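Okay, structure first, notes after.
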Amino acid sequence: MLSVSADTAIIDVNGVGYEVGCAPRTLAKMVVGEDVAVAVETLVAETFIRLVAFETEDERRCFRMLQSVQGVGSKAALAILQVLKPGALLDAITLGDKTAVARAQGVGPKLATRIVTELKDKTAGVFAGRAPLAVPEASHPAASQVTGAGYEAVSALVNLGYDEASARAAVADAKGSDEDMPVEALIPAALKLLAPR
């Protein structure tokens, strides 16, 4: 690693310095003088050739997938990957969680909705390390509609050791018709439903 700036780094590859763009989260982990291994995407246009570096191959694939949506350029794709790692992005798309995607700088509600809608059936094979979540629509239709605070509650329950399908179903039941129920209330309510009887 030769140098790091606000949005780019220069990486030495066999004596040649290559400037690469990166998300701030990736740049923060780079240290001048230390070796670094990155997955690189090459962007080619009429006026430039640009390299963008990612921590993992999954991130690079996500970057490419996001840009398949009309209105999502490299800047927006990087902004999304700044707030959502590959696994979280996959979950957000699977659950239709436009709120999670809209947290990215420069990504409004309309574009976030388009992203989760258009990519819902395109995530298979994109992620090397995990398969898309199976949303149990037949057994629990409301579970496929968990978004916003519900998404955060599901993530918390999964971190506690519950399987994703059960967590989504419990959160959907706890939430009911209260779309504004905060995550602080959702988690304990869902835990009561998941407790053995």
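These numbers come from a predicted model, not from an experiment.
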Just verifying a value: how many Å separate [X] [atom1] and [Y] [atom2], rounded to the nearest 0.5 Å?
| X | Y | atom1 | atom2 | value |
| --- | --- | --- | --- | --- |
| Ile10 | Glu19 | CD1 | CD | 5.5 Å |
| Leu27 | Asp7 | CG | CG | 7.5 Å |
| Arg103 | Gln82 | CZ | CD | 11.0 Å |
| Asp173 | Lys192 | CG | NZ | 14.5 Å |
| Cys22 | Glu59 | SG | CD | 10.0 Å |

Q) Could you go step by step and tell me if Asp58 and Arg61 meet the side-chain contact (heavy atoms from CB on, under 4.5 Å) rule? A) CA-CA 5 Å; Asp58 280 352; Arg61 289 174 178 159; 3.8 Å; yes
Q.
Using modelled atom types and a 3.5 Å cut-off, is there a donor and acceptor pairing between side-chain atoms of Arg114 and backbone atoms of Val69?
A. no
Do you know which two heavy atoms are closest between [X] and [Y], and how far apart they sit?
| X | Y | answer |
| --- | --- | --- |
| Leu111 | Gln70 | CD1-O, 3.9 Å |
| Leu194 | Ser166 | CD2-O, 3.8 Å |
| Thr42 | Ile49 | CG2-CG2, 3.9 Å |
| Ala77 | Gln67 | CB-CG, 4.1 Å |
| Ala9 | Met30 | CB-SD, 3.8 Å |
| Cys62 | Leu81 | CB-CD2, 3.7 Å |

Is it possible for you to say whether [X] and [Y] belong to one hydrophobic cluster, with membership spreading through side-chain heavy-atom contacts below 4.5 Å?
| X | Y | value |
| --- | --- | --- |
| Leu2 | Val20 | no |
| Val44 | Leu51 | no |
| Val36 | Val32 | yes |

Would you say that [X] contacts [Y] through its side chain, given a criterion of any heavy-atom pair below 4.5 Å between the two side chains?
| X | Y | value |
| --- | --- | --- |
| Glu41 | Ser74 | no |
| Ile11 | Val40 | no |
| Asp97 | Val116 | no |
| Val72 | Glu118 | no |
| Leu119 | Leu66 | yes |

Q. Are any of the side-chain nitrogens in Glu55 or Arg25 under 4.0 Å away from the carboxylate oxygens of its partner?
A. yes
Q: In sequence, state the C-alpha distance, the side-chain angles, and the governing distance for Leu84 and Val101, and then conclude on side-chain contact (heavy atoms from CB on, under 4.5 Å).
A: CA-CA 8 Å; Leu84 294 172; Val101 178; 4.2 Å; yes
Q) Given Val171 and Leu157, is the side-chain contact (heavy atoms from CB on, under 4.5 Å) satisfied, shown in steps? A) CA-CA 9 Å; Val171 168; Leu157 293 172; 3.6 Å; yes
Q. When you look at Phe54 and Thr56, which way does the side-chain contact (heavy atoms from CB on, under 4.5 Å) test go after all the steps?
A. CA-CA 5 Å; Phe54 304 93; Thr56 65; 5.7 Å; no
